[in-house]
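This one's a predicted model, so the numbers in the text were calculated from it and none came from an experiment. Just so you know, ligand 1 is whichever comes first in the structure, and atom 1 is the first atom listed for that ligand.
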Amino acid sequence: MKVNVDGNLNKYYVQTLCMVFFPGVKFSDDDSEDGLEIDVRIAEDEEGATADAVLRHFDQVTRATHKENFKPEFTSERTLKIAVGAAVIAAAGDLVGYRPSWGMLTGVRPSKVATEMLRKGYSKTRVKKLLASEYFVIPKKASLATEVALNEAAIIGEPDPLGCSLYISIPFCPTRCAYCSFVSYTSQRLLSLIPEYIERVCADVKETLKTINELGLHLKTVYIGGGTPTILTPDQIRRLLSTVCEGTDVSLLEEFTLESGRPDTITAEKFAVAKEYSVDRVCVNPQSLCDEVLAGIGREHTSAEFFRAYDIARESGIKYINTDLIVGLPGDNFRTFSATYDKILQLRPDNITVHTFCVKKASDILRRGSDIYSLRGGDAGKCVDYSQIKSVQAGYKPYYMYRQKNTVGNFENVGFALEGAEGRYNIYMMEEIHSIFAVGAGAVSKMVKYPSAAGEKPVIRRLFNQKYPYEYLREDRSAALCDSYREFYREYYDL
Ligand code: SF4
């Protein structure tokens with residue numbers, strides 16, 4: 001597809017909108033083979049922005065114009081985006097006969113948009129109306145985003161400006177799932193790096209916690225994520241957790257998560273170690289409880305192994321258990337998904353996170369040449385609705401959400417929790433409420449200065465660790481990263 005933008009707006013914004021209507025589309029500056037081309041013309045005057053979108057597909061042409069009057073609460077950049085978004089959605093929607101559930105909300109977390117409006121003092125009803133009228137979000141999704149924003153605000157309260165979290169990356173997995181694009185080592189040769197990797201990570205955790213303490217920050221949550229953190233042996237888990245416990249008073253944490261992940265790596269001994277070092281949240285992730293679906297996506301474990309791992313988690317006494325599921329997996333349908341969901345609800349985990357299947361460029365599934373892009377997402381919409389309705393009926397609340405590009409049917413990812421059992425790290429991270437110090441290969445630290453007043457923009461600075469474990473082991477960057485952390489807090493917090 002060729003995208004031409006005549007005016008002062010990033011072309012990427014238009015491309016992202018087009019991806020909603022043409023899943024899997026590739027962009028080029030030359031005339032493209034798929035015959036798709038969109039011209040966007042923008043004009044701005046004192047009264048507002050006007051955008052024309054003309055979309056051609058071989059001999060079909062659709063055209064839409066949208067004028068957005070300037071309103072005091074909108075910056076002109078946002079007014080421009082809304083005018084262009086509306087024109088593109090109307091033109092593309094006419095051509096393919098489709099109205100996306102999330103309207104023009106792409107590349108932005110819907111609950112964040114709702115939070116901004118609520119912070120300005122708008123009522124719940126007005127926020128829902130604005131999401132529908134300004135951003136073309138369908139009513140049930142506008143309600144969801146608003147609910148999530150309200151729940152987040154109730155859970156977090158007034159953000160602590162000196163709050164922060166620590167993320168530790170364990171980018172190793174026993175085997176590779178077919179839908180994964182994450183940089184995670186799985187071959188035996190690369191898995192042999194784990195002992196050396198753990199030593200380096202422990203040294204970096206020590207250094208990072210020292211910096212957090214010196215700055216006088218308040219460490220709220222620790223999250224050990226992957227990959228598959230429970231690929232580590234009990235001794236390696238002990239080494240890592242004891243390093244965290246030596247560097248900070250874990251009794252003051254709001255939450256200490258060991259993501260775990262794949263049920264086939266979970267043992268009673270590993271969770272006993274986790275419990276001993278005050279871990280209070282683990283994730284045991286089946287993705288689906290249909291064995292044919294699991295085999296099709298190369299998960300290399302069965303539903304029976306999930307139930308075994310779940311029982312181990314409950315018996316360990318670790319307080320909170322999260323289970324991850326994916327809607328729209330290849331081979332899944334409403335019948336198999338709803339059966340999965342009913343079984344998960346019977347277990348009554350503290351959190352259930354429902355993702356929508358996302359087609360990742362580097363995944364094996366795509367390399368296999370499968371035609372898995374889908375505009376309407378088949379049964380996915382029904383499955384998403386089922387999970388949301390059933391969760392609420394069972395006493396769960398949607399407490400955080402985000403969206404990704406190229407999801408089946410363009411649906412969202414939502415975390416549900418029983419009252420008081422919400423995964424707070426997820427909210428801190430998604431809503432960019434405070435800094436996340438990240439340690440390990442592929443991990444990205446995000447330094448945050450949360451806006452003190454509604455309408456202000458947050459300051460966010462990303463600081464990168466090396467992407468691959470072998471690079472991470474080759475060069476020690478932790479002292480330089482800690483210097484950058486101190487510099488950020490000097491500049492924005494005067495510490
Ligand atoms: S367990 Fe997760 S990170 Fe590991 S290969 Fe599977 S999807 Fe990727």
Asker: Give the residue, atom name and distance (to 0.1 Å) of the protein heavy atom nearest atom 8 (Fe) of ligand 1.
Answerer: Cys180 SG, 2.3 Å
Asker: At the 4.0 Å heavy-atom cut-off, does Gly227 count as touching ligand 1?
Answerer: yes
Asker: Is the positively charged end of Arg281 above the ring of Phe256, judged by distance under 6.0 angstrom from the centroid and angle within 45° of the axis?
Answerer: no
Asker: Mark up the atoms of ligand 1 that fall under 4.0 Å of a heavy atom belonging to Tyr179, in ascending order.
Answerer: 7 (S)
Asker: Relative to the heavy atoms of Cys173, which atoms of ligand 1 are at a distance of less than 4.0 Å?
Answerer: 1 (S), 3 (S), 4 (Fe), 5 (S)
Asker: Given the side-chain rings of Tyr492 and Phe488, with only the six-membered ring counted for Trp, is the space between their centroids under 6.0 Å?
Answerer: yes
Asker: Taking heavy atoms and a distance under 4.0 Å, where does Thr186 meet ligand 1: side chain, backbone, both or neither?
Answerer: neither
Asker: Would Lys81 count as a cation-pi partner of Tyr13, with NZ or CZ less than 6.0 Å from the six-membered ring centre and within 45° of the ring normal?
Answerer: yes
Asker: Under a 4.0 angstrom heavy-atom cut-off, which atoms of ligand 1 come close to Arg299?
Answerer: 1 (S), 6 (Fe)
Asker: Taking only heavy atoms of Thr175 into account, list the atoms of ligand 1 that are under 4.0 Å away from them.
Answerer: 5 (S)
Asker: Give a yes or no on whether the ring-centroid distance for Tyr472 and Tyr197 is below 6.0 angstrom.
Answerer: yes
Asker: Tell me whether Cys177 has at least one N, O or S atom under 2.8 Å from atom 6 (Fe) of ligand 1.
Answerer: yes
Asker: Under the side-chain contact (heavy atoms from CB on, under 4.5 Å) criterion, do Val384 and Lys141 qualify, and how do the steps go?
Answerer: CA-CA 11 Å; Val384 166; Lys141 300 296 180 190; 3.8 Å; yes
Asker: Any idea which protein heavy atom is nearest atom 1 (S) of ligand 1, and the distance to it?
Answerer: Arg262 CG, 3.5 Å
Asker: Is it true that atom OH of Tyr12 has more than 12 heavy atoms of other residues, nucleotides or ligands lying nearer than 6.0 Å?
Answerer: no
Asker: Can the ring centres of Tyr386 and Phe337 be said to be less than 6.0 Å apart?
Answerer: no
